[in-house]
Amino acid sequence: MTGLRERKKQETRQRLADLATAMFIERGFDNVSVAEVAEAAGVSKVTVFNYFPRKEDLFFDRTPEFAELLTSAVRSRDAETTPLAAIRELVLGLFDARHPMAGFAEAAPLFWNVVLNSPALRARAREAVEELEALMATLFTEAYGAPAARLTAALTVAAWRTAYLTGVRRVMAGERTDDFLAEQRAWTVECFAAVPEPAIAGRLPGPAPHRPGQRP
């Protein structure tokens, strides 16, 4: 019964997010109220807020999923994999799977146009990046120790954000993802290779990852 209830909750959450996103894309984020979303879904405003504390979270509904993926990638890594390498492999895995969080969803231009046209969503996007950086800092502190954690987290987020936005801008400019997929993947690897690897618990950092075009 517990599993059934949890599945139904996830289904309701996804239905609310999908419905709200469609309404935001059609009419603009600031022109749709939570009450209208609730009415369209046949639930109360209280129910909507039980799943999404803020209206903006209806649109950025995948942020908790990404946080869970980050946490799992770092804490479940094998002994030979560093936290930074674990996150890099997670991002590349999402990229190879053409996951929406890698920036290659067909609806990406529609999605980001809604964000660009809403000050509230732009502010929430900045907050979400800060929250992910804080999470990485916590995860890195567990492995690297406090001195290196926040700086490494900030650099890792910058690498991911630079790679992600490069792909999004190309999609929004009308390029087909199939035409620049290999180039974008190589750029993602390059961005992460620019982040220095701290020592772990007294262990010297390993050699820097090999960069495309460099001799081993």
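Since this is a predicted model, take the numbers as computed values, not measurements.
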Does V189 form a side-chain contact (heavy atoms from CB on, under 4.5 Å) with L92? I'd like the steps, not just the answer. CA-CA 8 Å; V189 172; L92 290 175; 3.9 Å; yes

Atom [atom1] in [X], atom [atom2] in [Y]: separation rounded to 0.5 Å?
| X | Y | atom1 | atom2 | result |
| --- | --- | --- | --- | --- |
| Q10 | Y51 | CD | OH | 8.5 Å |
| Q184 | T166 | CD | OG1 | 6.0 Å |
| L181 | R98 | CG | CZ | 5.0 Å |
| T188 | R88 | OG1 | CZ | 12.0 Å |
| F29 | L121 | CZ | CG | 4.5 Å |
| L90 | R77 | CG | CZ | 13.5 Å |

Give me the atom names and distance for the closest heavy-atom approach of [X] to [Y].
| X | Y | result |
| --- | --- | --- |
| Q14 | D61 | NE2-OD2, 3.9 Å |
| T81 | A86 | CG2-N, 3.7 Å |
| T21 | L58 | OG1-O, 3.9 Å |
| E133 | A153 | O-CB, 3.6 Å |
| W187 | A163 | NE1-CA, 3.9 Å |
| A17 | F52 | CB-CZ, 3.9 Å |

Note, [X] side chain near [Y] side chain (heavy atom, < 4.5 Å):
| X | Y | answer |
| --- | --- | --- |
| F192 | I87 | yes |
| T156 | L84 | yes |
| M172 | N113 | yes |

For [X], side-chain contact (heavy atoms from CB on, under 4.5 Å) partners two or more places apart:
| X | value |
| --- | --- |
| A41 | R15, L16, L19, V43 |
| D30 | S118, P119, A120 |
| R62 | E65, H99, P100, M101 |
| R75 | T71, L139, E142 |

Among residues at least two apart in sequence or on other chains, which ones pass side-chain hydrogen bond (donor to acceptor under 3.5 Å, both in side chains) with [X]?
| X | result |
| --- | --- |
| E130 | none |
| E26 | none |
| N31 | none |
| N117 | none |

Parallel, tilted or perpendicular: which fits the ring planes of F60 and W112, with parallel below 30° and perpendicular above 60°? tilted

Tell me, with the steps shown, if V74 and L70 meet side-chain contact (heavy atoms from CB on, under 4.5 Å). CA-CA 6 Å; V74 173; L70 284 174; 5.7 Å; no

I need the full list of ring-ring contact (aromatic ring centres under 6.0 Å, His included) pairs touching residues 66-94, with sequence neighbours left out, sorted by first then second residue. F66-W160

Within the supplied structure, the quantity of interest is the number of heavy atoms (other residues, nucleotides, ligands) at a distance under 6.0 Å from R150 CZ; does it exceed 12? no

Closer than 3.5 angstrom, by distance alone: can the side chain of S76 be matched with the main-chain N or O of S72 as a donor-acceptor pair?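 The answer is yes, because a donor-acceptor pair under 3.5 Å joins these two groups.
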
Keeping the roles fixed (side chain from R124, backbone from K55), state whether a donor-acceptor pair exists under 3.5 Å. no

Using the rule given for side-chain contact (heavy atoms from CB on, under 4.5 Å), can you reason through F180 versus V171, listing the C-alpha separation, both sets of side-chain angles and the distance that settles it, and then say yes or no? CA-CA 10 Å; F180 67 91; V171 171; 3.9 Å; yes

Could you note down all residue pairs passing salt bridge (charged side-chain N to carboxylate O under 4.0 Å, His left out) where residues 155-165 supplies at least one of them, sequence neighbours left out?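 For residues 155-165, and leaving out neighbouring residues, there are no salt bridge (charged side-chain N to carboxylate O under 4.0 Å, His left out) pairs at all.
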
By salt bridge (Lys or Arg N to Asp or Glu O under 4.0 Å), which residues pair with D78, not counting sequence neighbours?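 In terms of salt bridge (Lys or Arg N to Asp or Glu O under 4.0 Å), with neighbours along the sequence ignored, D78 is linked to no residue.
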
Kindly state each residue pair satisfying side chain to side chain donor-acceptor pair (under 3.5 Å) with at least one member in residues 35-46, sequence neighbours excluded.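 For residues 35-46, and leaving out neighbouring residues, the side chain to side chain donor-acceptor pair (under 3.5 Å) pairs sorted by first residue read R27-E36, S33-E36, S44-T47.
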
